[in-house]
**Student:** 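Here it is, the structure, as structure tokens.
Just the heavy atoms: all of them, side chains too, but no hydrogens, waters or symmetry mates, feed the values below.
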Amino acid sequence: MAKRNPKKVEKKKEKPTVNPELEGFNIEIDSFGELKTSFSIDKINEFLNKNVEDKKLIDREDYKELKNKPADEEE
């Protein structure tokens, strides 16, 4: 049985399935260790605030108000 040469084996890069709001999002790390993204940090934070529950804030009485508040109105 012939062995495969690891240099010749190419992995196909498949794009992961993502939320339609994040279509086109790309993140890379440059040679200095800096993160480079195709979306602004504000847009990413807005998406996370809308779609991810914050476990630390769930017990607060005003949590629903905070969750529905637009990012530009925050203190």
Side-chain angles (χ1 to χ4, degrees):
M1 184 182 267
K3 292 185 180 180
R4 289 186 177 177
N5 187 349
K7 293 180 183 177
K8 291 184 179 181
V9 176
E10 293 181 23
K11 294 182 179 179
K12 294 181 181 178
K13 288 190 175 183
E14 295 180 17
K15 291 187 177 182
T17 56
V18 296
N19 187 303
E21 291 182 43
L22 294 178
E23 193 69 38
F25 176 69
N26 188 20
I27 188 166
E28 296 176 356
I29 301 174
D30 67 9
S31 59
F32 298 108
E34 296 175 341
L35 296 175
K36 302 291 182 178
T37 63
S38 57
F39 287 169
S40 71
I41 297 298
D42 292 332
K43 185 172 181 180
I44 295 168
N45 283 335
E46 183 180 324
F47 173 81
L48 292 173
N49 289 339
K50 187 169 55 171
N51 295 300
V52 179
E53 294 290 329
D54 192 338
K55 293 179 183 178
K56 293 181 180 179
L57 298 178
I58 285 178
D59 295 332
R60 286 182 58 159
E61 292 176 11
D62 60 345
Y63 177 67
K64 288 186 180 184
E65 294 171 15
L66 289 172
K67 186 167 178 69
N68 295 329
K69 191 179 207 181
D72 57 351
E73 289 183 20
E74 290 183 9
E75 298 172 0

**Student:** Kindly compute the distance separating OG1 (Thr17) from CD (Glu23), expressed to the nearest 0.5 Å.
**Tutor:** 10.0 Å

**Student:** Apply salt bridge (Lys or Arg N to Asp or Glu O under 4.0 Å) to residues Lys55 and Glu53 and explain how you reach the verdict.
**Tutor:** CA-CA 6 Å; Lys55 293 179 183 178; Glu53 294 290 329; over 6 Å; no

**Student:** Would you check if Ile29 and Leu35 make a side-chain contact, meaning some heavy-atom pair closer than 4.5 Å?
**Tutor:** yes

**Student:** Measure the spacing between CD1 of Ile41 and CD1 of Ile44 and express it to the nearest 0.5 Å.
**Tutor:** 4.5 Å

**Student:** Taking atom CG of Asn19 and atom CG of Asn51, what is their separation to the nearest 0.5 Å?
**Tutor:** 6.0 Å

**Student:** Charged N to carboxylate O under 4.0 angstrom, Lys56 versus Asp54?
**Tutor:** no

**Student:** Are Phe25 and Leu48 connected, step by step, through hydrophobic side chains (Ile, Leu, Val, Met, Phe, Trp, Tyr) whose heavy atoms are closer than 4.5 Å?
**Tutor:** yes

**Student:** Taking all atoms of both residues into account, what is the closest heavy-atom pair of Gly24 and Ser38, and its distance?
**Tutor:** O-OG, 3.0 Å

**Student:** Is the closest side-chain heavy-atom distance between Phe47 and Leu22 below 4.5 Å?
**Tutor:** yes

